[in-house]
2 protein chains.
Amino acid sequence: MAKVTRRERERQQHRREVLAAAQELFSRKGFDRTSMAEIAERAEFAVGTLYKFFKDKKTLYRALILDTVQEFAQVLTTALKTRGTEVERLERYIETKADLFVRHIPTARLYFAQTAGAKYVPTAGLDRDARAVCKGVLDALEAVFRAGIRKGLFLKTDPRMLVLGLEGVGNAFLDELIERPDDFSAETMAGMTKTIFFERIRLKAR
Amino acid sequence: MAKVTRRERERQQHRREVLAAAQELFSRKGFDRTSMAEIAERAEFAVGTLYKFFKDKKTLYRALILDTVQEFAQVLTTALKTRGTEVERLERYIETKADLFVRHIPTARLYFAQTAGAKYVPTAGLDRDARAVCKGVLDALEAVFRAGIRKGLFLKTDPRMLVLGLEGVGNAFLDELIERPDDFSAETMAGMTKTIFFERIRLKAR
DNA sequence: ACAAACCGTGAACCATAGTTCATAAGATAC
DNA sequence: GTATCTTATGAACTATGGTTCACGGTTTGT
């Protein structure tokens, strides 16, 4: 008998189905406005079944967030570690992020909920280790800026400020992209981010 | 008998006290996680009393948001309408906003909840006219960019993009400022916003 | 001084939604 | 084929929190 039996495989499959349903609902309506009954209905299970997979609602949410965040963080840090100058690496980060977000909008919303919007989301405080993963990405970003500053590529400032700034512009555009996906392309958004952050917006000197 | 009797004055005072309590709680914990009982306790009234002032919880929240948002919008649009080049006006906007936000942190959180974080806040949809007020500020901002572009001060792009970008950077810094007010001053934050947005971050050409 | 109007009270009411559990259905093992 | 173990079910239970309302105290007007 194989270690991974059909039973176990199906169980895991069902678990994933629950997570998928939860992802759709949580990302659209947030933690408090999504009920276990809704998740159950969407996943085509009874409420009680959800509790076979997850101890309670918070645990389900946490599991979902952690999955989501880890997956994204993985891709983003990889993008940051590619070869090239610091500017090129940051540009790759921006493009990758834009691409990733348009392709996985519900996931992106949840990722946002943990990063940008975390303070206004009632679930802040449920996360802990998801937060640590997000911080990992920001730290990697900071390291790139730090290196760039050392090499004289960037203005000599607190790299944390640059991280904040880049994430600020980038997320603002991505948010727009997610909300109105038909108005602009991922490329436009990534391009604008790069322009604002690395080129001059203002044309004339004062 | 004066039109405004003592009774009416005190009633209005009590109403304001309720709003103040609600502001503190809503801004810290959000709509869903704040109970009427808590608001009542903090305002030193009985639950029933809250319903003498506001039809229900949503109405109370809406009233609060509208007050908050109008007050802020007023100050911000004024800042945008001062004399000077477009760049100067935007700079004044940035400084004013930073100053306003540090001085009124709970209010600022609520303002954010309506603008930046609105999508991840379960109360999205309660607002309507508050949203219109916020949009007014963004439109004024867009007009300034549009004028700047026409005069050749800024890159010839969609002014909406520039609005998004400026708000993105600015809010990212302000958020940091609100969360960790001791780490940085309002001036530093405003300065960084201006640097990123109007000057060059990158020093060398490619 | 009396009545009417007003304000504040908080226990009780009710709706919603998270959680449990006895039971049924199905799979696995022998 | 039967026994056993696993999984799924959803009605019932419970907790939480928004809302109501009958009441007591106080101010206002006559």
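Values reported hereafter were calculated over all heavy atoms of this structure, with side chains retained and with hydrogens, waters and symmetry mates removed. All of these numbers come straight from a predicted model, not from anything done at the bench.
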* To do: Round to a whole Å and report the spacing from CG of B:Asp56 to P of D:dT19.
  => 5 Å

* Tell me, please, which residues at least two apart from B:Phe26 pass ring-ring contact (aromatic ring centres under 6.0 Å, His included). => B:Phe31, B:Tyr61

Below 3.5 Å, can you tabulate the donor-acceptor pairs from side chains in residues 63-72 of chain A to any protein atom, sequence neighbours excluded?
residue, atom, partner, partner atom, Å
A:Thr68, OG1, A:Leu64, O, 2.8

* Not counting sequence neighbours, which residues clear side chain to side chain contact (heavy atoms under 4.5 Å, CB included) with B:Thr78? List them please. => B:Gln74

* **Whole-Å distance separating the CZ atom of A:Arg33 from the P atom of C:dA15** => 19 Å

Measure all distances between protein nitrogen or oxygen atoms and nitrogen or oxygen atoms of nucleotides 10-12 of chain C, and list the pairs falling under 3.5 Å.
residue, atom, partner, partner atom, Å
C:dG10, N7, B:Gly48, N, 3.4

* **Pairing residues for A:Asp183 by the salt bridge (Lys or Arg N to Asp or Glu O under 4.0 Å) criterion, not counting sequence neighbours** => none

* For the pair made of CD in A:Glu41 and C1' in D:dA8, what is the distance, rounded to whole Å? -> 17 Å

* Gap between atoms CZ and P, on A:Arg9 and D:dT7 respectively (whole Å) -> 14 Å

Mind listing the side-chain donor-acceptor pairs of residues 189-198 of chain B below 3.5 Å, one per line with the distance, residues two or more places apart or on another chain?
residue, atom, partner, partner atom, Å
B:Thr193, OG1, B:Met189, O, 2.9
B:Lys194, NZ, B:Glu95, OE2, 2.7
B:Thr195, OG1, B:Gly191, O, 2.9

* Can you list every ring-ring contact (aromatic ring centres under 6.0 Å, His included) pair that touches residues 156-186 of chain A, not counting sequence neighbours? -> none

* **All side chain to side chain contact (heavy atoms under 4.5 Å, CB included) counterparts of B:Arg7, not counting sequence neighbours** => B:Thr5

* Which whole-number value in Å describes the distance from A:Tyr51 OH to C:dG18 P? -> 6 Å

* Asked: Rounded to the Å, how far apart are B:Glu38 CD and D:dT19 P?
  -> 15 Å

* **For B:His14, ring-ring contact (aromatic ring centres under 6.0 Å, His included) partners two or more places apart** => B:Phe45

* Hey, can you pull the residues of residues 15-25 of chain B with a non-hydrogen atom under 4.0 angstrom from DNA chain D? -> none

* **Gap between atoms CD and P, on A:Glu10 and C:dA25 respectively (whole Å)** => 19 Å

* Asked: If you pin B:Lys57 and B:Arg6 to their nearest nucleotides in DNA chain D, which one's is more 5'?
  -> B:Lys57

Short N/O separations, protein against nucleotides 4-7 of chain C, under 3.5 angstrom:
residue, atom, partner, partner atom, Å
C:dC6, O4', B:Arg7, NH1, 3.4

* Inspect the contact between A:Arg28 and A:Glu24 and indicate whether a charged nitrogen and a carboxylate oxygen are less than 4.0 angstrom apart. => yes

* To do: Go through the structure and list residues passing side chain to side chain contact (heavy atoms under 4.5 Å, CB included) with A:Asp99, not counting sequence neighbours.
  => A:Arg103

* Asked: How far apart are the C-alpha atoms of B:Arg9 and B:Gln12, what are their side-chain angles, what is the distance that settles it, and do they pass the side-chain hydrogen bond (donor to acceptor under 3.5 Å, both in side chains) test?
  -> CA-CA 5 Å; B:Arg9 267 201 320 276; B:Gln12 288 308 317; over 6 Å; no

* **For atom CE of A:Met36 and atom C1' of D:dA11, their distance in whole Å** => 17 Å

